[in-house]
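To start, the structure under review is shown below, and the notes come after it.
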Amino acid sequence: MGPVEVLVIGFPGSQFNGEILPALTDLVERNVITVVDGLLVTRNDDGTVDVIEFEEAGASAEVDALAALIHEARDLVSAEDVDDLVATLEPGSSAAVLVFEHTWSIPLRDAIVGSGGVLVSDVHIPGLVVDEVLAAVDAL
Amino acid sequence: MRGRRMGRPGLVGTMARTAVIAGTAQAVTGKVAQKQAASAAQAQAAAAAQAPPPPPPAAAAPVAAPAPAAGAPDLIEQLTQLGELRDKGILTEAEFEVQKQKLLAS
């Protein structure tokens, strides 16, 4: 498999509103990413965490559409992972955990390996950190 | 309410341990993790700093399966990083011992 990203997206209230679906669907249809796992998480008012599989989420067209994007679902995120991933999720809030492969990068990876290259480092920098660095450089 | 995901290996937990073995633990612990934890707006995990936020796909570094670095990282440094992960509670004492033995045996 290619490298996989685990995104945890908080949304207001407790309803997944489906507004990310068009952008996500576009990436899936163009084979840029492949969604391999997903689930919903709710932090209860008492601080405990509920994991809700998409199939358990009840009749919601938005969640169904999200679940439909999953290709050959695997349980790659464990209950322990969920605790780590939602550590900052506030009581009374919910989040969607999306697990997707960076399918676009596989030909590049194969080309690197095929050329005899070796991966020396691979670091992912969040956009906010990049912005910080750019701002700091500009302030010099 | 965890159902089928209880007691299974998971991506995030395995990543934290693999990063130690490959000598890339500094990407998981330390300042990077602290910065990401502070970015609450991006809803990132504090402990699992390898769960990145939405990046533009074109901006990622070249990716490949985790491969050994060209030169072996310093053993003392690896053991120190291992100890730090244990101290932070990312590794249990038992997991620390297992990985330490692997490092000493390599």
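The sequence lines fix the lettering, A, B, ..., with proteins before strands; numbering per chain opens at 1.
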(request) Sort A/Val99 into side chain, backbone, both or neither according to what part of it lies under 4.5 angstrom from a heavy atom of chain B. (result) side chain

Distance in Å, [X] [atom1] paired with [Y] [atom2], rounded so as to fall on 0.5 Å steps:
X	Y	atom1	atom2	answer
A/Asp84	B/Met15	CG	CE	13.5 Å
A/Glu53	B/Arg5	CD	CZ	4.0 Å
B/Leu11	A/Asp37	CG	CG	7.5 Å

Got more than 12 heavy atoms from elsewhere within 6.0 Å of [atom1], [X]?
X	atom1	value
B/Glu93	CD	yes
B/Glu97	CD	yes
B/Gln101	CD	yes

(request) Say whether B/Leu104 and B/Val98 are linked into one hydrophobic cluster, either directly or through other cluster members, by side-chain heavy-atom distances under 4.5 angstrom. (result) no

(message) So that I can tick it off, tell me whether A/Glu55 and B/Arg4 are bridged by a salt bridge, with the cut-off set at under 4.0 angstrom between side-chain N and carboxylate O.
(response) yes

(message) So, applying side-chain contact (heavy atoms from CB on, under 4.5 Å) with B/Val12, which one of A/Val77, A/Leu76, A/Asp83, A/Asp81 is it?
(response) A/Asp81

